[in-house]
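First comes the structure, then the notes that go with it.
Residue numbers begin at 1 in each chain, while the letters A, B, ... track the order of the sequences.
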Amino acid sequence: MEYKFREIEKKWQEHWNATKAYKVSNPSTGSGQAPLKPKFYVLDMFPYPSGAGLHVGHPLGYIASDIYSRFKRLKGFNVLHPMGYDAFGLPAEQYAIEHGVHPAVSTEQNINNFRRQLNNIGFCYDWDREVRTCEPGYYKWTQWIFLQLFNSFYNRTSNKAEKIDGLIAVFEKEGNATHPIPNSQFAISSFNAIEWKSFDEKTQQDILMQYRLAYCGYGEVNWCEALGTVLANDEVVNGVSERGGHPVVKKKLRQWYLRITEYADRLLEGLERIEFSDSMKEMQSNWIGKSSGAEITFEIQMPPLTPPEGENRPASELHRQTARASTYGLLKELSKEHKQSPTEEENMLWQYLRSHKTGHHIRRQHIIDQYIVDFVCLDRRVTIEVDGGYHNNEEQRKYDEARTAFLNELGFEEMRFTNEEVKQNTDAVVEKIIQKLNSKPSVRKVSPSGGDLEGASLTVYTTRPDTIFGVDFMVIAPELDLVDQIKSAEQTAAVDEYIAYVKSRSERERQAEKKITGVFTGAYAVNPFDGREIPIWISEYVLAGYGTGAIMAVPCGDERDFKFAKHFNIPITNIIGKHFNGEEANATKDAILENSGFLNGTPMREAAEIVINKLEELEIGKRKVNYKMRDAAFSRQRYWGEPFPIIWKDGIAYPLPEDQLPLTLPNVESYSPGPEGEGPLANIPDWIHQFEGSQVPSFGGDLGEVRGGALETNTMPGYAGSSWYFLRYMDPQNDNAFCDRSVSDYWNQVDIYIGGTEHAVGHLLYSRMWTKALYDLGHIGFDEPFKKLVNQGMIQGSSRFVYRLNYSKIGFELPSSILARCLAQTASIEQPNYNYRVVNNKFFLFNHTDGHTFTIHFDEIVYTYYTKGASVLIDLLRSIMDSKAVYVSAQIPPLFFSINKREMSVGTSSLAEYYFDQLHVDVNIVDGYALDIEAFKKWRNGEYANAEFILEDGKYICGSEVEKMSKSKFNTVNPDDLVNKYGADTFRMYEMFLGPVEISKPWDTKGIEGVHRFLKKLWRLFYLPAEASAKEGDEGKAIWTNEKATDAELKVLHKTIKKIEEDTERFSFNTGVSTFMIAVNELSDLKCHKKEILEPLVIMLSPYAPHIAAELYAELRKAPSPSERAGGEVLDASFPKFEAKYVTESTKDYPVAINGKTRTELTLDLSITQAEVEQIVLNNEVVLKWLEGKQPKKIIYVKNKMINIVV
RNA sequence: GCCCCGGUGGUGGAAUUGGUAGACACGCAGGACUUAAAAUCCUGUGACCCGCAACGGUCGUAACGGUUCAACUCCGUUCCGGGGCACCA
């Protein structure tokens, strides 16, 4: 029998399909009996079913995981090894836009194609567990989990996600004192219980939105008006869209976010408990980017105020810091207390005065000199007091009068109200206040450009507060509103121009830019410690989203700041003495500080603490732990994604009740965005308003019911469905829960997760966060999804290029030189009778003295010269001249030059690059580097059917480059073709044989023959090859025997068992394959056809080459006598057991080195001692020769390794 | 620019913990079998040098430097390639 892989593979695939051989059952379902086997969960990263289908790069990881799954099954585990599709995504929508095919349709087709291709390769997936994120039965639960996140907040005290109802209860009892708002920029920072209750629903919900794990905010997107879409960063190149080159601008849109930042510490901590590679962990922790330092507030320089008499403080402090230094410390505490326990009346009034509601900025419990006032508007110099009953007594009145007088002196006018007034006539009181405020002149600081400087200050985050005296300039992100506020009149034009430039830049470009750019705003900040004025710049390298969007630049200690200072000639202060050489920055922490005011002489390492303490004491800064990671944007202005189960009414987001899920995606006619850049769903009013009129329960129950408003029109991003899919595989058909808790308790974490490093910081962080949130909320019992991660390298494509002469780039020079050369070669054209000149930069116009003229196109000159040669060109010209007829240039076919002919034809390589278009050509019509010209002419429906070629050595040699494997680069190799030609088993083993799973490498089909030969050689251990049969009818006879194996054969077997087991366990499949090859080579040499050896070999091989192994195993077991046949398939066999006794050796061939260089070999007993070794070695002929009579200094003997003699 | 990974014969790669660099395979060359081809088998194959030959020598893991009895492996610097950088998945 021959190795007929097609028959065998088809037979077994059908058999496994029919017998549901890969069906995996859950402990509590099915027949009910709990599996006795331990579980093992092997998972591949979720594929996106692209229209291009599977190429040979995809199955690399799938084959690895398949081998591992089958191996674990042989080892006695209940293995979960599912597959499904991350089916929502941009490409399908893009395809829909371009071809009008609904994404659901194209996605379905793509999936079917994927699945067919996967089945071809013989994977052991339990297809009953397949999931697709775009199916309502799946995204129902994506939406459900979103609602869990929406209805939760992160409790920083208990350090976990909790129901937001609990937070509301706390607010009602004690305000937010114990749960500060995560977003420090939010208008309301703190409130007490009374305040909370006095807020209207909108305000309350706005506040709660600041806590929710899934929340709504605003973010900038790349908006392309021409394409009518939001673009990804990598779709924007140099400020224009990659497709079409249309302008792209930043646009602020309402976006959903996930509050992943609250999990930053736990995501870091969790890394210690999972087996990811160190580099992967490093990438994640770099992404999270935890750092500690300080947030420092710098006042922005004001036009000088007249200081009160006798006061000698810097003007900059006077505006806001109105307290007297001597009593400030005491009053500060008192002020805080007052703020926390306001009287009822004060609180009532505050609700009307806060947040600029009066049109003025009002502060409460503010310290002015030695007094605390209830409210003050510093701008209009008005104080407001709400008096309680005790203000009626005489002593108090005197005190109040003195205080009023004193404040008047400082320029403040005082307003007094009684509690009763406030309580009974709040509106009138507020009205009075507003009138008063409006009537007073503003002492507001206005920047020269007209910007409002009231309260303007600059907060920076720094990890090096110790360098505060080395700050020579500030850099703020150009997009901060503050820039408009502070820019000076002179700098306005420059600033605006720069901002326009930055708006056109992607974030990536801004970070990667080597060129130093920036503009001075004209404003100055004031160093709080020495009053030094520091110029404020804007530059693209500071991003608004990082830290506070502003940095303090210390050029002597930071390379980037240093270069910036040098470039713009900003003087540099050296605070680190000899550590700074003026040539480059030095980020040392070892220096003793100089030029640093009160820090002079302090080591830097101690200074940071001192500065932070001082900042906190002066209330101009605070200790701060910062994360580079930002909250994850969780919405897309797209159609093909999960709709949000959210209804908007009056600016409040109401969650859809769970019984309304799934909220299904409607059909659309067009995929263009809504009028304001919203997603395409905005164009379907019927869908948006489907809950109009129906009642939607609102929050908490006690707020009553809300009549439905409009549905959210954004959709969820690609990572929504993929952040939790590994849970759905466990319980894919469950309609009552995303995954039954008992089921997830059984399958638990993914034991082995296989995928590429490109997901290092996206998917892997998001799914870790979702898992932690689901864990916190009690839905699952583990908080890390993936116990062990194996990285898979990319299989790159080796692209081939052809070089087409670009006629449109041919100017006057090249054809002229060709013409000149030809004409010079021959006198046969009567040159005196003809002259020629160039017309339209496209033609040569020939003039004969007799008046005859004709023109010939440059292209034809060039084409004729290169394809037919100089003499033909001359003949052509002459015949035109002779005929004296009107000449029309011929149609010129495309002309392709073999790679090495380009440069030779045009002179230099840069000219070659200019004149020739480099085009990708399908690698499948190139043999090595030589183009199959006939196939090329038929390629792309004969687009190049009439092409002509300039060859070298009779061949067209292509250019090549290693690139990502992609259909658009025509460098994909389809696994189907290879499976057809060599079989799935060969294909699987070859992919593994290419090299380590985790290494990227270009695909090359060449070596696949070797693997195929190996399988054929294996086959010949079982069946007599035709040519070896002694007599007719013997061909393909089974030749295995029941003879007892020899020691040598057993040694081969057990050596192989050990190595295969180790290699498979550590994912070293390439060495595994070569181990099989070695074993088969050795067994062939031994002429071993013994069942005792072959059966375990076949079992070991079955994870790698399941079809051939199944066939041989089945055949072995039914022959030679039927009585010996045992039941069971190779799938459920047991992995053979290694026995050391067959492979132990008593001697070893030791390499003997002199000074580290191996000179000879010695076979020594393993039990030999150092002294014996020395004796033997020193009597060895080769050793003696190398010693040249010298005494060895030392003899190193490492047992079972080597011997080294040091001379 | 920042972060991570990689670089070994003509090619893919092996060397698992610092211990004989190049396993296994492709390709190539030569040979056997054959009318021939395919298939199969055998031999050789890092570079250079010496030699009739056996044997032997020198160099060699991107480049340079260091640690060590010993470095592909550890450390430092540089170069090159790949991945990621927040709306590709």
Side-chain angles (χ1 to χ4, degrees), chain A residues 45-50 86 88-91 94 219 221-222 229-236 255 277-280 282-283 285-287 289 507-514 541 545 560 629-633 635-638 717-719 722 756-763 765 791 793-794 796 962-964 990 993-996 998-1004 1006-1011 1013-1014 1016-1017 1020 1025-1028 1062-1063 1066 1068 1070-1071 1073-1078 1081 1149-1161 1193-1196 1198 1200-1207:
Chain A
M45 280 187 190
F46 221 15
Y48 175 80
S50 86
D86 186 11
F88 276 131
L90 268 186
Q94 195 55 40
V221 296
N222 300 311
T229 49
V230 175
L231 297 176
N233 276 336
D234 57 334
E235 291 178 298
V236 184
Q255 303 282 354
S277 68
D278 287 345
S279 61
M280 187 67 63
E282 209 171 325
M283 274 190 260
S285 52
N286 286 340
W287 178 271
E507 213 169 88
R508 183 97 46 87
E509 286 168 334
R510 286 173 58 176
Q511 287 170 86
E513 185 57 78
K514 276 189 210 172
Y541 79 83
R560 199 151 200 179
M629 180 168 67
R630 321 198 281 256
D631 279 340
S635 48
R636 304 289 182 259
Q637 289 68 49
R638 298 285 185 169
Y719 68 86
S722 64
T757 53
E758 68 270 23
H759 298 287
V761 288
H763 162 65
L765 270 180
N791 288 128
M794 207 188 280
Q796 293 146 323
V962 171
E963 302 177 289
K964 212 168 173 162
Y990 181 58
F993 187 61
L994 272 179
E998 66 272 15
I999 302 293
S1000 296
K1001 56 240 154 194
W1003 176 264
D1004 184 3
K1006 278 258 160 66
I1008 197 166
E1009 297 276 356
V1011 174
R1013 257 172 237 163
F1014 152 75
K1016 287 202 277 192
K1017 194 166 181 177
R1020 287 200 301 274
E1027 66 275 6
E1062 284 171 4
D1063 285 354
R1066 69 189 171 99
S1068 180
N1070 57 328
T1071 54
V1073 174
S1074 67
T1075 302
F1076 283 121
M1077 289 175 169
I1078 293 168
N1081 287 347
D1149 296 339
Y1150 282 93
V1152 181
I1154 286 109
N1155 284 339
K1157 292 218 179 299
T1158 308
R1159 298 301 178 183
T1160 189
E1161 233 172 54
K1193 261 190 215 152
K1194 198 173 165 190
I1195 295 175
I1196 294 153
V1198 183
N1200 217 1
K1201 293 277 188 200
M1202 46 63 71
I1203 297 161
N1204 189 19
I1205 301 155
V1206 188
V1207 185

Next item on the list: Could you tell me whether a side-chain N or O of A:Arg636 sits under 3.5 Å from a main-chain N or O of A:Gly718, the two making a donor and an acceptor?
Entry: no
Notebook entry, point to check: Given B:rC26, B:rU11, B:rU20, which nucleotide is nearest the side-chain atoms of A:Lys1006?
Noted result: B:rC26
Check: Given B:rA14, B:rC87, B:rA25, which nucleotide is nearest the side-chain atoms of A:Thr1071?
Finding: B:rA14
Note to self: Can you tell me the base-pairing partner of B:rG65? Count Watson-Crick or G-U wobble geometry only, both distances below 3.5 Å, and say none if there is no partner.
What the structure shows: B:rC75
Next item on the list: State whether the side chain of A:Ser1000 and the backbone N or O of A:Met794 hold a donor-acceptor pair below 3.5 Å, judged by distance alone.
Entry: yes
Next item on the list: Round to a whole Å and report the spacing from CD1 of A:Ile1078 to P of B:rA25.
Entry: 7 Å
Next item on the list: For residues A:Tyr719 and A:Ala633, report the shortest heavy-atom separation together with the two atoms involved.
Entry: OH-O, 2.8 Å
Margin query: With heavy-atom distances below 4.5 Å as the criterion, would you say the side chains of A:Asn791 and A:Met280 are in contact?
Written below: yes
Checklist line | Spacing of the P atoms in B:rC74 and B:rC87 (rounded, Å) | finding: 36 Å
Margin query: Testing the 3.5 Å rule here: is there a donor-acceptor pair between the side chains of A:Ser1074 and A:Thr1071?
Written below: no
Next item on the list: Return the nearest nucleotide to the side chain of A:Asn1070; candidates are B:rC24, B:rC3, B:rG13.
Entry: B:rG13
Note to self: Distance criterion of 3.5 Å, no angle test: do you see the side chain of A:Glu282 paired donor-to-acceptor with the base of B:rC3?
What the structure shows: no
Item checked: Which nucleotide in B:rG19, B:rC26, B:rC88 has an atom nearest any side-chain atom of A:Asn1204 -> B:rG19
Next item on the list: Tell which nucleotide pairs with B:rA86, taking only Watson-Crick or G-U wobble pairs whose two distances are both under 3.5 angstrom.
Entry: none
Notebook entry, point to check: Using purine N1 to pyrimidine N3 plus N6-O4 or O6-N4 for Watson-Crick, or N1-O2 and O6-N3 for G-U wobble, both under 3.5 Å, which nucleotide pairs with B:rC28?
Noted result: B:rG44
Margin query: Checking contacts here: which listed nucleotide (B:rC24, B:rC87, B:rA89) is nearest the side-chain heavy atoms of A:Val221?
Written below: B:rC87
Checklist line | A:Tyr1150 side chain vs A:Asn1200 backbone, donor-acceptor pair below 3.5 Å | finding: yes
Notebook entry, point to check: Side chain of A:Lys1001: nearest nucleotide among B:rA89, B:rG82, B:rG13?
Noted result: B:rG13
Notebook entry, point to check: If you measure from the C1' atom in B:rU20 to the same atom in B:rA89, how many Å do you get, rounded?
Noted result: 47 Å
Checklist line | Euclidean distance, atom CD1 of residue A:Ile1203 to atom C1' of B:rG18 [Å, nearest integer] | finding: 18 Å
Notebook entry, point to check: Is B:rU17 paired to anything, Watson-Crick or G-U wobble with both distances less than 3.5 Å, and if yes, which nucleotide?
Noted result: none
Check: Is the backbone of A:Phe993 close enough, under 3.5 Å, to the side chain of A:Asn1070 for a donor and an acceptor to pair up by distance?
Finding: no
Check: A:Ser1074 has a side chain; which of B:rC41, B:rA86, B:rC24 sits nearest to it?
Finding: B:rC24
Margin query: Partner lookup for B:rG22, please. Criteria are Watson-Crick or G-U wobble with both distances under 3.5 angstrom; report none if nothing qualifies.
Written below: none
Item checked: Rounded distance in Å - CD1 (A:Ile1154) to C1' (B:rG57) -> 14 Å
Next item on the list: Take atom CE of A:Met794 and atom C1' of B:rC88, then tell me their distance rounded to the nearest Å.
Entry: 12 Å
Notebook entry, point to check: If pairing requires Watson-Crick or G-U wobble contacts with both distances under 3.5 Å, which nucleotide is the partner of B:rA53?
Noted result: none
Next item on the list: Considering only atom P, compute the distance from B:rC4 to B:rG56 and round it to an integer number of Å.
Entry: 47 Å
Next item on the list: Kindly label the base of B:rG9 as syn or anti, based on whether its glycosidic torsion lies within 90° of 0.
Entry: syn
Note to self: Counting only side-chain heavy atoms from C-beta out, which of B:rC59, B:rU16, B:rC87 sits nearest to A:Glu1062?
What the structure shows: B:rU16
Next item on the list: Sort out the partner of B:rA39 for me: Watson-Crick or G-U wobble, both distances under 3.5 Å, none otherwise.
Entry: none
Check: If the C1' atom of B:rG7 is compared with that of B:rA39, how far apart are they to the nearest Å?
Finding: 39 Å
Next item on the list: Consider the side chain of A:Ser279, meaning its heavy atoms from C-beta on, and name the nucleotide among B:rA21, B:rG83, B:rC4 that approaches it most closely.
Entry: B:rC4
Margin query: Rounded to whole Å, please give me the gap between CE in A:Met283 and P in B:rA86.
Written below: 15 Å
Item checked: Between B:rU68 (P) and A:Lys1194 (NZ): distance, integer Å -> 11 Å
Item checked: Of the listed nucleotides B:rA86, B:rG83, B:rU20, the one nearest the side chain of A:Met629 -> B:rA86
Notebook entry, point to check: When the distance from NZ of A:Lys1201 to P of B:rA71 is rounded to whole Å, what number comes out?
Noted result: 16 Å
Checklist line | Rounded distance (Å) that lies between atom P of B:rG84 and atom NE2 of A:His763 | finding: 15 Å
